[in-house]
Amino acid sequence: MEELIKCESISFSYENTGVLKNLSFTVCSGDYLCIVGENGSGKSTLTKGLLGLKAPAEGKIVKCNGLRSSEIGYLPQQTPAQKDFPASVFEVVLSGRLNSRGFRPFYSKNDKKIAHDNIKRLGIEDILHRSYRDLSGGQQQRVLLARALCAGKKMLLLDEPVTGLDPIVTEEMYKLIMELNKKEKITIIMVSHDISAAVKYATHILHLNFENSFFGKTKEYINSPMGKYFFSDGIK
């Protein structure tokens, strides 16, 4: 498998305070990497680094084999204002093509085809013309996932994609993401607080900790001292 992102001894600081120190890991094509850790452990900071929005204080983040930051489909955490966005489902999905549009003032036929393809891919054709603000939380997440797919066909970076969803919709979303990874070979990087789901679906775990971190395959994580600490009562 080809390398897509390589982080070499990276460190980040926030307001002159170290957040992440000497962190190294590699993401290859086809991986499903789940980034977990306590609040304040650096998950959001690392996300900004992977997107090219924040440079590490030390070390380097290398995008390999021609991968560009603009080619990573990103599904961010939603704010209340974003959930109330007054646009149609098609308009929201199509906006994922903005970075690919370049200096063209209008979307091309190919942009619209890609949007329609991803709408069909996620099974949301029946809400194509509905207002985004009127959708349920689960429907909104599917729309945003379709938007992210319009931006990046190789890699998706998902920031807490099931926050606020009920258990049934949460499970549906996890299964959908797993299918994109396994069946369509899309590389997934998902930030999550749900360690149980992480070990159930991910191929690799990056556990950020204030003093040390773990990176490796899921089975290695489960058997590591850090994994055994979090699953002392067994994997649920």
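- Under the side chain to side chain contact (heavy atoms under 4.5 Å, CB included) criterion, His116 pairs with Phe90, Leu128, sequence neighbours left out.
- When side chains are defined from C-beta on, Ser24 counts as touching Ser9, because their heavy atoms get closer than 4.5 Å.
- How far CD1 of Ile10 is from CD of Glu8: 10.0 Å, rounded to the nearest 0.5 Å.
- Note on Ile189 and Val62: separate hydrophobic clusters, where clusters join Ile, Leu, Val, Met, Phe, Trp and Tyr whose side-chain heavy atoms are under 4.5 Å apart, directly or indirectly.
- In this structure the side chain of Lys6 never reaches within 4.5 angstrom of the side chain of Lys60, judged on heavy atoms.
- In terms of modelled atom types and a separation under 3.5 Å, the side chain of Thr218 and the main chain of Ala202 share a donor-acceptor contact.
- Taking 4.5 Å as the limit, every side-chain heavy atom of Ile72 sits out of range of all side-chain heavy atoms of Leu50.
- Evaluation of the side chain to side chain contact (heavy atoms under 4.5 Å, CB included) rule for Asp134 yields Arg130, Ser131 as partners, not counting sequence neighbours.
- For the pair Val169 and Gln141, the minimum side-chain heavy-atom distance is 4.5 Å or more.
- To the nearest 0.5 Å, atoms CG (Leu67) and NZ (Lys154) are separated by 6.5 Å.
- The 12-atom threshold is not exceeded at CD of Glu58, counting heavy atoms of other residues, nucleotides or ligands nearer than 6.0 Å.
- Evaluation of the side-chain hydrogen bond (donor to acceptor under 3.5 Å, both in side chains) rule for Gln77 yields Asp159 as partners, not counting sequence neighbours.
- Panel note: side chain Glu71, backbone Lys153; no donor-acceptor pair is recorded below 3.5 Å.
- With a 4.5 Å cut-off on side-chain heavy atoms, Tyr74 and Leu53 do not count as touching.
- Using a 4.5 Å heavy-atom threshold, the side chains of Ile177 and Tyr32 count as touching.
- Take Thr163 and apply the side-chain hydrogen bond (donor to acceptor under 3.5 Å, both in side chains) test, not counting sequence neighbours, and it matches no residue.
- Within 6.0 Å of the CZ atom in Arg133, the count of heavy atoms belonging to other residues, nucleotides or ligands exceeds 12.
- With values rounded to the nearest 0.5 angstrom, Ile119 atom CD1 is found 12.0 Å from Ile114 atom CD1.
- Ring geometry for His204 against Phe215 counts as parallel: the plane angle stays under 30°, on a 0 to 90° scale with 60° as the upper cut.
- Side-chain contact between Met155 and Ile5: present, with at least one pair of heavy atoms (C-beta onward) separated by less than 4.5 Å.
- For the residue pair Lys63 and Arg68, the shortest heavy atom distance occurs at CD-C, 4.4 Å.
- Residue pairs satisfying the side-chain hydrogen bond (donor to acceptor under 3.5 Å, both in side chains) criterion with at least one member in residues 167-189, sequence neighbours excluded, are listed as follows: Arg121-Glu184, Glu171-Lys200, Glu171-Tyr201, Tyr174-Asp194.
- The environment of NZ in Lys54 is crowded: more than 12 heavy-atom neighbours from other residues, nucleotides or ligands sit within 6.0 Å.
- No side-chain heavy atom of Pro161 sits under 4.5 Å from any side-chain heavy atom of Leu144.
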Less than 3.5 Å apart, which donor and acceptor atoms pair up between the side chains of residues 33-43 and the rest of the protein, not counting sequence neighbours?
{"residue": "Ser41", "atom": "OG", "partner": "Glu38", "partner atom": "O", "Å": "2.6"}
{"residue": "Lys43", "atom": "NZ", "partner": "Gly37", "partner atom": "O", "Å": "2.8"}
{"residue": "Lys43", "atom": "NZ", "partner": "Glu38", "partner atom": "O", "Å": "3.2"}

